[in-house]
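In what follows, a structure is listed as structure tokens, so that the remarks can point back to it.
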Amino acid sequence: MIKGEEINMLTKSQELLLFLMKLKGGVIDDKTKLAKYQYFTDFVHYAFHSKPVSEGVIYTRQKQGPLSRNLTDDLEELKRLGYIKESPSYKYSIVKDFNLHLSEDEKKTAKFVMSKYGQLNYTDLIQICHAQVPYLSSKDGGVIEYFTAFNLVDDYQDYADFKD
């Protein structure tokens, strides 16, 4: 494999996870937080752009909020490829440089999410998710449909004016 080709093998959800970690200084101290950052990014992006950043990812309603079915597999692949390492307490750190193929709009959405939620603890993030229409519109263990994100537009009126 030619150097640089490996990143082309990453999915958009894997690229998003790396970018979210980068925005947090290269370290995410909790897997639940990472799951919520990914959810918020995908659903806010869908609300304003009619598509998620993480193409093809399905979210389900879980006890701690929306969860990508791919999250664990994506993290395992990023570890296998040497991009991240994991500590025993689900703390993830970037250990290898990377280039991304995220659009400027996708990066803007991730930066917006991190500016809004990056300093909250996982309990606060879960409470916010639990109060939003996408979570409320599904049953326990059920799929959370992306179209429910359109109900978030009023919750994120500050997105349009966000400058990173």
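Quick caveat: nothing in here was measured; it's all calculated off a predicted structure. All heavy atoms count here, side chains included; hydrogens, waters and symmetry mates do not.
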Exercise. Check the pair Y37 / I28 against side chain to side chain contact (heavy atoms under 4.5 Å, CB included), numbers first and verdict last.
Key: CA-CA 10 Å; Y37 300 148; I28 296 283; 3.9 Å; yes
Self-check item: L75 vs E86 side-chain heavy atoms within contact, under 4.5 Å
Solution: no
Quiz item: Looking at side-chain heavy atoms only, is the closest gap between D140 and K63 below 4.5 Å?
Solution: no
Self-check item: Centroid-centroid distance, Y59 to F43, less than 6.0 Å
Solution: yes
Quiz item: Between V95 and G82, which heavy-atom pair has the shortest distance, and what is it?
Solution: CG2-O, 3.3 Å
Exercise. Would you please indicate if the ring centroids of Y46 and F150 are separated by under 6.0 Å?
Key: yes
Quiz item: OG of S93 to NZ of K79: how many Å apart, nearest 0.5 Å?
Solution: 11.5 Å
Practice problem: Determine whether F48 and K108 make a side-chain contact, defined as any pair of heavy atoms from C-beta on separated by less than 4.5 Å. | Solution: no
Quiz prompt | Residues, nucleotides or ligands: over 12 heavy atoms within 6.0 Å of D97 CG | solution = no
Self-check item: Side-chain donor or acceptor of N70 paired with backbone N/O of V57 under 3.5 Å
Solution: no
Quiz item: So, T109 versus Y159: side-chain donor-acceptor pair below 3.5 Å or not?
Solution: yes
Quiz prompt | Check against side chain to side chain contact (heavy atoms under 4.5 Å, CB included), K24 and L34 | solution = CA-CA 10 Å; K24 286 292 288 176; L34 183 57; over 6 Å; no
Quiz prompt | Side chain proximity check, K22 to F98, heavy atoms < 4.5 angstrom | solution = yes
Quiz item: Rounded to the nearest 0.5 Å, how far does CG of D42 lie from CD1 of I144?
Solution: 11.5 Å
Quiz item: So, do T32 and I126 sit near enough that their side-chain heavy atoms are less than 4.5 Å apart?
Solution: yes
Quiz item: Which of parallel (below 30°), tilted (30 to 60°) and perpendicular (above 60°) describes H130 and Y135?
Solution: parallel
Quiz item: Between D29 and K91, which heavy-atom pair has the shortest distance, and what is it?
Solution: CA-CG, 4.0 Å
Practice problem: Measure across Y146 and S54 and return the closest heavy-atom pair with its distance rounded to 0.1 Å. | Solution: OH-O, 3.9 Å
Quiz item: What do you reckon, is NZ of K116 surrounded by more than 12 foreign heavy atoms closer than 6.0 Å?
Solution: yes
Self-check item: Result of checking K111, H101, H45 against E106 for side chain to side chain contact (heavy atoms under 4.5 Å, CB included)
Solution: H45
Practice problem: Take L78 and L10 through the test side chain to side chain contact (heavy atoms under 4.5 Å, CB included) and record every step on the way to the result. | Solution: CA-CA 8 Å; L78 290 172; L10 296 180; 3.9 Å; yes
Quiz item: Between K12 and P52, is there a donor-acceptor pair closer than 3.5 Å when you use the side chain of the first and the backbone of the second?
Solution: no
Practice problem: Start with the C-alpha gap between D30 and Y90, add the side-chain angles, then the distance that decides, and say whether side chain to side chain contact (heavy atoms under 4.5 Å, CB included) holds. | Solution: CA-CA 6 Å; D30 184 274; Y90 294 110; over 6 Å; no
Quiz prompt | K33 NZ/CZ over Y122 ring centroid, <6.0 Å and within 45° of normal | solution = no
Quiz item: Salt-bridged, E104 to K107, with N to O below 4.0 Å?
Solution: yes
Quiz item: How far apart are the closest heavy atoms of T148 and E145, and which atoms are they?
Solution: OG1-O, 2.6 Å
Quiz prompt | Nearest-0.5 Å distance, CD of residue Q119 to CG of residue L125 | solution = 10.5 Å
Quiz item: Looking at L152 and A47, what are the two nearest heavy atoms and their distance?
Solution: CB-CB, 4.4 Å
Practice problem: Side-chain contact test, heavy atoms from C-beta onward, threshold under 4.5 Å: evaluate it for L71 versus L17 and give yes or no. | Solution: yes
Quiz item: Is there a donor-acceptor pair under 3.5 Å between the side chain of K36 and the backbone N or O of P66?
Solution: yes
Quiz item: Any luck finding a side-chain donor-acceptor pair between D74 and S13 under 3.5 Å?
Solution: yes
Quiz item: Would you call the rings of F40 and Y117 parallel, tilted or perpendicular, where under 30° means parallel and over 60° means perpendicular?
Solution: parallel
